[in-house]
S.K.: 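Structure provided below as structure tokens; questions to follow.
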Amino acid sequence: MPRRIADRPIPGRLRPDRRALFEAALDDARRGVPRVVCLVGAAGTGKTTHLREVVAEAADATVLRAAGVEATYRPPFGVLEELGVRRTVTDDGQPQSRAVAAQALRRLIDDESGDGPVVIAVDDAQWADAESLAALRLVVEGLSHDRLLVVMATRPPGPDDPSSWHRFLAEPAVSIVELDGIELDEAIALAGEVRDERVPEELVERLWRHTGRNPMYLRSLLAEYSPEELAARSVLPAPVEFARELNARLRVMDPDAATLLRAVAVIGSSWVDRLDAAAVAEVDDAASAVGLLLDSGLLIARAQVGLADVRIVHALVRAAIYDSTPADERRRRHLLAAKLLGSPMQRLEHEVAAAGTRDEALAARLEHAATGASAERDHHREAQLLQWASQLSPDAAERERRWLRAQIARVHTRDTASVRAHLSQIGWSGEPALRTLVMAWLLVVENRIADARRVIEALPVPLLEGADHQTRMGLLVIKAWTMLTSGYPIDDIRAVIASIPPEAHTDPVLGGLYQRTAGQIASRDFDFARLRSDFDSVPGDPRLTPMKDTGRLGWRGSVYALRGLSAEGRRDLAEVVSRVRGGRIDETVGVSHALYAFALWQGGEFERAGIELQVSASLAVDRMSPLAQAVLPLVPTVHGEFARADDLLAQTASLLLDLPWHIAVSVLTQAEIVRLHAGDDEAARRGYLARLRARFGDDVTDADNGDGAFWHLHVMLARVWAGELDGIAPHLSASDTEMVVPDWRYWTRPWVTGLASERAGNDDDALRSLTDAVAIQSSELPLYRAHLYADLARIAARVGQVETSEGAARQAREIYARLGATAYLARVATSDANGMPADPLATLSDREREVAALVLAGFSYRQVAEELYVTRSTVAFHLGNIYAKTGVESRHQLTRLVRDATLT
């Protein structure tokens, strides 16, 4: 019998209809129509054989292979790494976000694309890690014109399987092929492969019916018994006796071969170094033993080379061999594996498997290893180690404490579903402070900030103060953060911050949350010394910022963006989001992308702002941060999509009524004022400040709120609408005392002053102020610069200065058109213009407009793909559509078309 080699096809084993389906899927992939085929069947129904056949048919394709591993601990993105994705962790060792890992897979697909399609083949996908499945699902969702075929083999998903797996199978792009066993003609062909002699067809039919059409069981019976023995038996061996029959084979096998096979079963279900297997088995002639096992079909080799890795042919076979191995031998093999294998995690896993009783010494070592994993921010490893430590703890209280710590680690992996599945067990815990910390972290990660605050507030103060040091520190940091985001008085928050141990600042888990909380309080307190210290702690050139200080860089960029220093905010936050996209750091809430979008929007780059907001939403675990949500309405507003903007504003306002986070309310206020300015409801404008104060309190518009010059500008516009002209001066003064004063303040001051004069009925003073404002040259805040010209045009027309009015309207119209701010164009029509300029991109879809915006900004194909989280093939497809719809043939022609249109 020939030796079995992994992925060696078995010809003639597929039904014609299935072969036709696979061939059609491959042909589609070759034509640039991506396909996903999922082979679903119980163990032993031929999934792997079908997968091999598909790969064999794809002779012109680049094949990327991976397989799930039946194991207690599945490293995040293990399947992606096996496919060839080179980077799935950040610089500090933390797993990347799933969106970023998905882009790394798209990058791999682009790099491997040649003359033929790319085939991704994943076997035993039911054992794939949840992170890889989620990343692959994101790739599948975005397929449009890629020469790609994804084929996955899996057992039917059960109710306890990861939700990401159920969502993957439910994708419209996925074609499911259900394997329910083989047909009779396939069984006859299989019998001919297994036996060198002819097997009577009536006997094959009898076996076929007896095994329930399962090729695995059928093969096993044909290999174990001769046709004569099977024909002579009135009662055939039952499939449930598979393990016993396999054990009988082992008893008559060469002892070294049987021992080696049991050692391979103990080591695991993935590929095994044959020399490691020999050491664990303690056999002298490993080469002969491996040869016998390959010949018997019980082992397969990864390749036809002398020292190729091996594994047991099928998970069912491995399970049967493992279960039939005597307990003493199994324990001995696990202990040897714990000493000999290279990976520390593998060694610990084998120590746990060898444990026959609860063992505090081993539990303590596991917890110590978990502490190290937490310091490295590898929370997946931390969670598994703590879970094992809990199971091995003799003391019930220690068992519970370690289990609760494991739940916190799981929350930090963003596996909130599995933690929620244990809520009742968490609720019955006898550790109230630690139980509260689990729930608080769960709710914070899900962006349910108000609920997290309530959970902590429900914990009696003596229990909080009496908690262990780490638990108390975690509760205090989360308490301060949730109080801040809930709009609590500054003095109350400051008191909590003062009680937090100083090491929270550098804690790998708590540090970021602590720094954001303390930094925002410093900003509200006008503590410019602290802010300058924070700003100066990172280089002026953000590219030189050490990776460990990226959080500080993001904080500086956020402060700039929120205060309207668009260029500085873009500079810093562009580096932060670049590191996220490159997988250098992790971003799981999307706030950096949202504030980068805010800075881009201020700079007039509306399409790019929309792109970053989409990324922000994709990075959020359960829901977007309230701060990120507050930015969302700005892009649809300037495009005139008022219904969508109003819906987003209503959603954010509803959220912030329960969670009045000061910064988020500040951004919402600006977004609402932008929306009112874009519309024509004068009554709504006049009554806005009254409605705002009714929702968030009278002090929400106070000039001493410390929210920055950009916020002051918007509140001053609203005060003009409301006729609160005496309230403008404090905002002007506050803007002058900012730590960093934006240059645009020099022309917005006379602009606002002029609008106040107009509201007071003094058009001459208004005209002088606005004329002074336009005389100050500036390229900052281009949308607001256009508003200035539009206001000048209106006032000049009213006082009879037609030429000034026409010139200002023309300037406003040109800026609005260049920015794509269609919501404002109708209000600034001029006598020499024939209506609004035609938009050369009007026929494009939303995605095509995004691609066009990036191409017009000078991005390469690769850069566009990275920005939009798609493949280069998808970019090329969209760009082809853009050229066809606009009647151009190149980037240069597209750029000239858009430029000429804005100058019309």
Side-chain angles (χ1 to χ4, degrees), residues 92 94 371 374-375 377 379 382 404-405 407-414 416 419 431-525 527 530 534 548-552 554-555 558 586-589 591 621 625-627 659 661-664:
D92 60 2
Q94 189 175 11
T371 301
S374 177
R377 302 184 70 184
H379 300 299
E382 178 193 7
L404 289 171
R405 286 285 176 192
Q407 302 315 303
I408 294 174
R410 289 198 192 285
V411 170
H412 292 318
T413 70
R414 281 27 185 195
T416 56
V419 178
E431 290 261 3
L434 189 52
R435 176 183 69 211
T436 300
L437 185 60
V438 174
M439 291 304 304
W441 268 124
L442 174 64
L443 294 165
V444 165
V445 167
E446 292 177 339
N447 267 317
R448 302 176 189 274
I449 308 299
D451 293 335
R453 186 197 72 237
R454 295 185 189 106
V455 163
I456 295 178
E457 289 176 342
L459 180 69
V461 172
L463 290 179
L464 188 155
E465 293 301 327
D468 67 87
H469 181 77
Q470 193 66 27
T471 299
R472 177 178 175 274
M473 184 166 67
L475 287 169
L476 288 172
V477 170
I478 297 176
K479 183 177 182 179
W481 169 250
T482 57
M483 289 171 67
L484 175 72
T485 54
S486 298
Y488 274 49
I490 294 296
D491 289 343
D492 294 351
I493 304 169
R494 194 183 294 114
V496 175
I497 291 176
S499 67
I500 296 173
E503 60 266 32
H505 184 76
T506 56
D507 185 271
V509 174
L510 298 170
L513 205 58
Y514 173 82
Q515 290 167 20
R516 289 197 296 274
T517 306
Q520 290 184 37
I521 293 300
S523 175
R524 295 280 301 279
D525 284 344
D527 186 354
R530 175 176 182 133
D534 287 345
K548 64 181 179 61
D549 290 334
T550 304
R552 293 176 181 271
W555 165 244
S558 299
D586 184 32
E587 168 68 278
T588 53
V589 292
V591 170
V621 174
S625 159
L627 179 55
L659 188 74
W661 182 10
H662 184 85
I663 289 182

S.K.: Taking side chain to side chain donor-acceptor pair (under 3.5 Å) as the definition, give me every residue that meets it alongside Thr550, ordered by chain and number, with sequence neighbours left out.
M.R.: Arg579
S.K.: I need the Arg453 CZ to Thr485 OG1 distance, nearest 0.5 Å.
M.R.: 8.0 Å
S.K.: Can you pull the salt bridge (Lys or Arg N to Asp or Glu O under 4.0 Å) pairs that have at least one residue in residues 505-523, sequence neighbours excluded?
M.R.: none
S.K.: Does anything in residues 437-471 pair up under ring pair (Phe, Tyr, Trp, His ring centres under 6.0 Å), and if so which pairs, sequence neighbours excluded?
M.R.: His412-Trp441
S.K.: Report the residues that fulfil salt bridge (Lys or Arg N to Asp or Glu O under 4.0 Å) with Asp468, sequence neighbours left out, ordered by chain and then residue number.
M.R.: Arg405
S.K.: Taking all heavy atoms of Val496 and all of Ala480, pick out the closest pair and write down the distance.
M.R.: CG1-CB, 3.9 Å
S.K.: Can you check whether Ser499 reaches Leu476 side chain to side chain, under 4.5 Å on heavy atoms?
M.R.: yes
S.K.: Output all residues satisfying side-chain contact (heavy atoms from CB on, under 4.5 Å) with Pro508, sequence neighbours left out; order by chain, then residue number.
M.R.: Arg377
S.K.: Looking at every heavy atom in both Pro626 and Leu659, which two are closest together, and how far apart are they?
M.R.: CG-CD2, 3.6 Å
S.K.: Would you mind writing out the side-chain donor-acceptor pairs for residues 431-440 within the sub-3.5 Å range, not counting sequence neighbours?
M.R.:
unit_1	atom_1	unit_2	atom_2	d
Arg435	NH1	Ser429	O	2.6
Thr436	OG1	Pro432	O	2.7

S.K.: To the closest 0.5 Å, what do you measure between CH2 (Trp555) and CG (Asp549)?
M.R.: 15.5 Å
S.K.: Let me see the working for Trp661 and Ile449 under side chain to side chain contact (heavy atoms under 4.5 Å, CB included), right down to the final yes or no.
M.R.: CA-CA 10 Å; Trp661 182 10; Ile449 308 299; over 6 Å; no
S.K.: Do Thr517 and Ile497 have side chains that get closer than 4.5 Å, going by heavy atoms?
M.R.: yes
S.K.: Kindly state each residue pair satisfying salt bridge (Lys or Arg N to Asp or Glu O under 4.0 Å) with at least one member in residues 470-487, sequence neighbours excluded.
M.R.: Glu465-Arg472
S.K.: Can you sort out the partners of Arg410 under side chain to side chain donor-acceptor pair (under 3.5 Å), two or more places apart, ordered by chain and number?
M.R.: none
S.K.: Rounded to the nearest 0.5 Å, how far apart are CG of Leu627 and OG of Ser558?
M.R.: 8.0 Å
S.K.: Which residues pass the side chain to side chain donor-acceptor pair (under 3.5 Å) test with Glu382, not counting sequence neighbours?
M.R.: His379
S.K.: Could you give the distance from CZ (Arg494) to CG (Asp491), rounded to the nearest 0.5 Å?
M.R.: 5.0 Å
S.K.: Looking at every non-hydrogen atom in both residues, tell me the closest pair between Leu484 and Ile493 and how far apart they are.
M.R.: CA-CD1, 3.5 Å
S.K.: Can you sort out the partners of Pro489 under side-chain contact (heavy atoms from CB on, under 4.5 Å), two or more places apart, ordered by chain and number?
M.R.: Asp492
S.K.: Roughly how far, to the nearest 0.5 Å, is CE of Met483 from CD1 of Ile490?
M.R.: 9.5 Å
S.K.: State, to 0.1 Å, how close Val477 and Tyr514 come at their nearest heavy-atom pair, and which atoms those are.
M.R.: CG1-N, 4.0 Å
S.K.: Report the residues that fulfil side chain to side chain donor-acceptor pair (under 3.5 Å) with Arg552, sequence neighbours left out, ordered by chain and then residue number.
M.R.: His505
